[in-house]
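Each ligand, and each atom within it, is numbered from 1 in the order the structure gives. FYI, the numbering just counts along the sequence from 1. No experiment lies behind these values; they were computed from the predicted model shown. These numbers come from the heavy atoms of this one structure, side chains and all, not from hydrogens, waters or symmetry mates.
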Amino acid sequence: MALFSSKSESLMGVDISSTGIKLVELGKTRSGYELKALAVVPLPRDAIVENTIIDSMAVSQALLDAIEVARPSTRNAAISVSGNAVIIKTVSMPMATEFELETQIEYEADQHVPYDIDDVYLDFQILGESAEDPGAMDVVLVACKREVVEDYQLVLSEAGITAKCVDCAVFALENAAEVTGEHSVIDTQALPDEDAEVHALINIGANLININVLINGQMAFVRDQFYGGQNLTEEIQKEHGISYQAAEQMKIENFSSIHPEALERFYVGLTSELVRSLDFYSANHAEFPVQKLLLSGGCALIPGIATELEQRLGIEASVLHPFPSIKASSRKFDEDYLKKIGPMLMMPVGLALRGFDS
Ligand SMILES: Nc1ncnc2c1ncn2[C@@H]1O[C@H](COP(=O)(O)OP(=O)(O)OP(=O)(O)O)[C@@H](O)[C@H]1O
Ligand SMILES: [Mg+2]
């Protein structure tokens with residue numbers, strides 16, 4: 001499922017986020033996926049704020065730099081949208097085939113999307129029979145404002161890149177998680193039973209958390225929340241009385257000197273955000289409690305974060321790594337570097353995987 005896709009050739013995944021551009025190109029071999037090209041290029045602070053491009057020059061320059069570093073074999077990209085720009089809703093509808101739904105989707109969407117239907121890109125995915133209403137089916141409806149996608153397309157085109165596919169961040173995350181083999185997609189049509197596997201994919205970036213709860217590998221709940229590593233940087237700034245830059249540097253280069261109070265306040269905030277989402281999820285899925293949190297994004301690099309969340313939320317937690325499930329030649333890529341930043345690359349990896357959709 002993607003908001004739009006017009007690809008016929010290979011794609012690179014380009015994650016345009018608040019702290020930087022992450023570019024990933026993958027190849028497919030007989031033994032699985034391999035990393036072909038990679039670049040992580042930082043963006044100046046405030047170039048992108050709450051997912052809105054403020055400084056388009058800085059963003060297109062960073063894209064050009066990413067191309068130069070990675071030297072991908074294509075200029076066609078899959079990108080993602082998230083946060084306020086996207087509306088994702090699970091709705092219950094009378095049973096219909098995918099083909100029938102194509103013709104009705106605008107009418108359905110009109111009732112659930114607070115914008116003029118002509119101003120949005122729409123997509124949907126049939127989840128299967130509704131658990132609450134036998135005879136009806138649950139459908140995930142996605143809408144994204146055209147102007148948001150167009151803003152992204154414009155900066156990309158200035159760097160000579162064409163967005164051939166626009167995906168929702170939470171779906172890209174799901175694709176990436178599938179490749180890591182952490183969870184399995186069982187039967188898409190069967191209703192889950194008491195043995196169901198319930199995993200929450202949680203990508204924690206600098207200012208955004210993307211959550212996707214999967215029951216037997218099937219999306220059951222998605223939500224984006226504004227909270228992330230930036231909050232920790234600000235707590236460090238306050239506690240240590242230093243600049244934002246210095247706080248950011250301390251976090252990455254000297255984590256052990258962070259005052260425990262700053263870390264504690266960050267975790268209290270993070271925990272309450274996550275509890276809020278998990279409560280929303282369980283309001284409709286009380287019989288399928290989340291069994292495992294699978295963490296990714298830059299904040300998954302925080303030392304000990306899985307153990308910390310496990311204790312605070314009482315749910316098993318681990319960090320997702322795209323490598324070594326995705327092979328990377330040690331001649332071309334620094335193994336230690338990939339090992340270190342892998343969890344932060346789940347999103348662009350998920351986007352790059354769009355190039356292999358059948
Ligand atoms: N080694 C590390 N230890 C602690 N925090 C880290 C580390 N590396 C990165 N981070 C933090 O992770 C965040 C960046 O993560 P990520 O790249 O996933 O965010 P982003 O995609 O740019 O932001 P968003 O998607 O929220 O707009 C920053 O807040 C950064 O300080
Ligand atoms: Mg991000």
Could you check which of [options] puts a non-hydrogen atom nearest to [atom]?
atom                    : options                     : answer
atom 16 (P) of ligand 1 : Ser80, Gly298, Gly83, Ser82 : Gly298
atom 20 (P) of ligand 1 : Pro42, Ser17, Gly228        : Ser17
atom 26 (O) of ligand 1 : Thr19, Asn207, Val40, Asn51 : Asn207
atom 1 (N) of ligand 1  : Leu301, Leu208, Asn231      : Leu301

Nearest-0.5 Å distance, CD1 of residue Ile79 to SG of residue Cys165: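 Output value for this atom pair is 8.5 Å.
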
For atom 19 (O) of ligand 1, the protein heavy atom that lies nearest, with its residue and separation: Ala206 N, 3.1 Å

Nearest neighbour in protein (non-hydrogen) for atom 4 (C) of ligand 1: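 Scanning the protein heavy atoms, the shortest distance from atom 4 (C) of ligand 1 goes to Ile302 CG1, 3.5 Å.
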
Intermediate values then yes/no, side chain to side chain contact (heavy atoms under 4.5 Å, CB included), Leu101 and Ile126: CA-CA 9 Å; Leu101 202 53; Ile126 299 173; 3.7 Å; yes

Exceeds 12 heavy-atom contacts within 6.0 angstrom, atom CD of Glu335: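 No - once you tally the heavy atoms of other residues, nucleotides and ligands closer than 6.0 Å, there are 12 at most.
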
N/O donor-acceptor pair under 3.5 Å between Thr29 side chain and Ser31 backbone: yes

Sidechain-backbone polar pair: Glu25 side chain, Lys36 backbone, donor-acceptor under 3.5 Å: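 No, because the side chain of Glu25 does not come within donor-acceptor range (under 3.5 Å) of the backbone of Lys36.
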
Only heavy atoms of [X], strictly under 4.0 Å: list the atoms of ligand 1 that pass.
X      : result
Ile252 : 2 (C), 7 (C), 8 (N)
Gln230 : 29 (O)
Glu248 : 28 (C), 30 (C), 31 (O)
Cys299 : 12 (O)
Gly229 : 29 (O)

Proximity of Tyr33 and Phe356 rings by center, below 6.0 Å: yes

The Mg ion (ligand 2) to nearest N/O/S of Asn203 below 2.8 Å: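 Not a single backbone or side-chain N, O or S atom of Asn203 is under 2.8 Å from the Mg ion (ligand 2).
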
Sub-4.5 Å side-chain heavy-atom contact between Leu43 and Val59: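 Leu43 vs Val59: side chains touch.
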
From CA spacing to verdict: side chain to side chain donor-acceptor pair (under 3.5 Å), Glu235, Asn231: CA-CA 6 Å; Glu235 293 296 354; Asn231 297 78; over 6 Å; no

Ion pair Lys251/Glu234, N-O distance below 4.0 Å: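 Between Glu234 and Lys251 there is no salt bridge, as every charged N stays at least 4.0 Å from the carboxylate O atoms.
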
Contact check: Gly297 vs ligand 1, nitrogen or oxygen atoms, below 3.5 angstrom: no

Sub-4.0 Å heavy-atom approach of Lys22 to ligand 1: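 Flag set, Lys22 near ligand 1.
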
